[in-house]
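Heads up, the thing below is written out as structure tokens.
Predicted model, so just to flag it, every value in this text is computed and none were measured.
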Amino acid sequence: TLLEPIIGKLRAQAKQGEPVQVVSISGAVKAPGEYPLAQGDRAFALVRAAGGFKDSAFLAAAELRRIIDAVSGSVDLEYRELSFEAFGQLADANNLLLQSRDHITVRDIPDWNPGELVEVRGEVRFPGDYLIRRGETIAEIIARAGGLTEDAFPQGAIFTRVEVARLENERAAELSRTIRTNVATSMLTQEIQSVDLAEISSITETLQNFEGKGRLLVDLDKALAGVAGENLVLAGGDRLAVPPKSLTVSIIGQVRRQGTHVFQSDYDVKDYVSLAAGMTSRADKKAMYIVKANGAVMSAETSWKTSWLKFSNPQQQLAPGDTIVVPVNNRYKDGLSIWTDITQIIYQSAISLAAVISL
């Protein structure tokens with residue numbers, strides 16, 4: 001702002017054969033713009049006038065653009081590469097004498113992202129927060145953290161991302177709006193409303209207040225092996241937690257004694273259900289599934305011979321850290337309810353039959 005009137009006067013004072021005494025600079029400097037050119041000024045002086053370099057400046061390859069008046073009257077442009085790695089040494093060959101309308105471009109480091117941190121916790125040798133460069137992967141950040149410890153359980157690694165959590169929140173809010181819209185629309189039609197509005201409000205409010213965890217399922221063993229689909233490129237805000245080794249299997253849901261048991265390599269789902277004292281009468285055996293240590297969900301088919309789940313894929317076999325989930329059968333009716341329904345059917349049938357006979 002202070003230099004603007006001076007630059008204007010210099011442009012107005014320029015005469016035929018006396019080019020305007022102005023130079024400019026852009027890019028990774030603190031105050032890019034136009035500056036007056038004094039006699040004997042060099043490239044380093046222009047950088048100082050612009051406040052010096054930013055932290056992101058790539059000093060090895062700046063660019064000088066110079067306007068050259070050709071004899072034919074046309075104007076040509078000349079480009080030169082400059083290195084500011086020896087900035088401050090006046091005798092440096094890159095400290096060129098400037099001419100009218102010279103322009104210097106100071107490039108930014110291509111992968112400069114000083115504010116992007118990832119958090120590495122758990123069973124690594126040097127847990128902590130790490131600054132990352134563009135394109136850095138999970139395997140590389142694990143290596144920077146000193147690698148996994150002997151007690152690490154990579155199969156149970158938890159990887160979360162801020163962007164995924166944001167998307168989860170948006171989806172929950174969108175579902176809340178959809179439910180409200182559907183209920184409001186149904187009230188304008190002849191549809192029967194069997195759901196309490198207070199209950200609907202409670203559900204939609206819960207969805208509005210939902211906070212996503214942002215978890216991404218990763219196979220850390222494959223990531224460390226360099227498998228492209230698993231060795232994800234990191235982003236700022238990512239968090240990787242590697243738990244200690246787990247030697248247990250948990251079982252929850254519709255079993256008589258939920259709990260955690262020591263992993264046995266020769267045990268299958270049926271054995272762990274037995275350890276849990278069997279299923280309750282409300283259990284849905286056909287809908288059972290396994291939550292793997294890394295968060296992946298594995299379902300299986302029911303064997304028609306044994307009426308028990310079978311897993312043909314080796315990756316679906318039980319492993320340490322897994323959780324067996326026995327869901328509730330939403331069609332369950334206890335014996336009393338069944339007999340009540342049967343009695344009601346018989347009663348209604350008898351009344352109908354009596355009415356027919358009376359005719």
Side-chain angles (χ1 to χ4, degrees), residues 27-28 53-62 85 106-172 210-248 290-299 313-323:
F53 299 109
K54 292 182 179 179
D55 291 342
S56 61
F58 185 51
L59 303 182
E85 291 180 314
V106 181
R107 300 184 177 99
D108 286 284
I109 298 174
D111 56 355
W112 180 256
N113 50 357
E116 294 195 351
L117 289 168
V118 297
E119 183 181 352
V120 183
R121 292 289 181 266
E123 296 300 322
V124 292
R125 297 193 183 279
F126 305 106
D129 297 336
Y130 289 84
L131 287 168
I132 59 171
R133 66 179 185 277
R134 183 179 301 174
E136 193 162 5
T137 63
I138 291 178
E140 291 172 328
I141 202 67
I142 289 290
R144 288 176 57 191
L148 302 178
T149 66
E150 294 180 356
D151 295 327
F153 183 51
Q155 294 80 10
I158 299 174
F159 183 82
T160 59
R161 175 161 290 177
V162 175
E163 180 64 17
V164 175
R166 184 186 66 80
L167 290 175
E168 290 174 349
N169 294 337
E170 289 182 358
R171 301 280 169 76
F210 173 80
E211 293 185 4
K213 302 300 182 183
R215 183 169 182 179
L216 277 174
L217 301 183
V218 296
D219 188 325
L220 195 55
D221 287 326
K222 291 183 179 179
L224 294 176
V227 178
E230 300 292 341
N231 194 20
L232 299 179
V233 174
L234 298 171
D238 286 352
R239 185 179 188 274
L240 177 64
V242 184
K245 289 180 179 178
S246 174
L247 297 176
T248 60
I290 296 172
V291 180
K292 306 297 287 184
N294 67 350
V297 177
M298 300 294 181
S299 59
N313 189 339
Q315 295 181 349
Q316 294 179 322
Q317 300 296 331
L318 284 172
D322 289 353
T323 300

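The salt bridge (Lys or Arg N to Asp or Glu O under 4.0 Å) pairs that include a residue from residues 145-160 number zero, where partners must be two or more places apart or lie in different chains.
Here Leu232 contributes atom CG and Arg161 contributes atom CZ; the two are 6.0 Å apart, rounded to the nearest 0.5 Å. Rounding to the nearest 0.5 Å gives a distance of 7.0 Å between CG of Leu220 and CD1 of Ile138. A distance of 7.0 Å separates CZ of Arg144 from CG of Leu131, quoted to the nearest 0.5 Å. In this structure, the separation between CD on Glu230 and OG1 on Thr137 is 12.5 Å, given to the nearest 0.5 Å. Annotation: the span from Glu119 atom CD to Ile141 atom CD1 amounts to 11.5 Å, rounded to 0.5 Å. The structure places CG of Leu234 at 8.0 Å from CD of Glu140, a figure rounded to the nearest 0.5 Å.
In this structure, the side chain of Asn231 engages the main chain of Ala139 through a donor-acceptor pair within 3.5 Å. Checking side-chain atoms of Glu116 against main-chain N and O of Ile132 turns up no donor-acceptor pair under 3.5 Å.
For Thr160, the side-chain contact (heavy atoms from CB on, under 4.5 Å) criterion is met by Ile158, Arg215, Arg239, not counting sequence neighbours. Every side chain to side chain donor-acceptor pair (under 3.5 Å) that Gln155 has, sequence neighbours left out, goes to Asp221. With sequence neighbours excluded, the residues forming a side-chain contact (heavy atoms from CB on, under 4.5 Å) with Asn169 are Phe210, listed by chain and number. In this view, Asp55 satisfies the salt bridge (charged side-chain N to carboxylate O under 4.0 Å, His left out) rule with no residue, not counting sequence neighbours. When the ring-ring contact (aromatic ring centres under 6.0 Å, His included) test is applied to Tyr130, no partner is found at least two apart in sequence or on another chain.
Residues Val218 and Phe159 come closest through the heavy atom pair CG2-CB, 3.9 Å. Val124 and Pro127 make their closest contact through O-CD, 3.4 Å (heavy atoms, listed as atom of the first residue, atom of the second, distance). Of all heavy-atom pairs spanning Val233 and Gly135, the tightest one is CG1-CA, 3.7 Å. Pairing each heavy atom of Val120 with each of Ala145, the nearest pair is CG1-CB, 4.3 Å. Heavy-atom minimum distance, Ala57 versus Val106: CB-CG1, 3.9 Å. Taking all atoms of both residues into account, the shortest heavy-atom contact from Ala165 to Lys213 is CB-C, 4.0 Å.
A 4.5 Å side-chain heavy-atom check between Ile290 and Val297 finds every atom pair outside the cut-off. Leu240 has its side chain out of reach of Val118: every pair of non-hydrogen atoms, C-beta onward, lies at least 4.5 Å apart. The side-chain heavy atoms of Phe153 and Leu247, taken from C-beta on, include no pair separated by under 4.5 Å.
Taking a 6.0 Å sphere around CZ of Arg166, one finds it holds more than 12 heavy atoms contributed by other residues, nucleotides or ligands.
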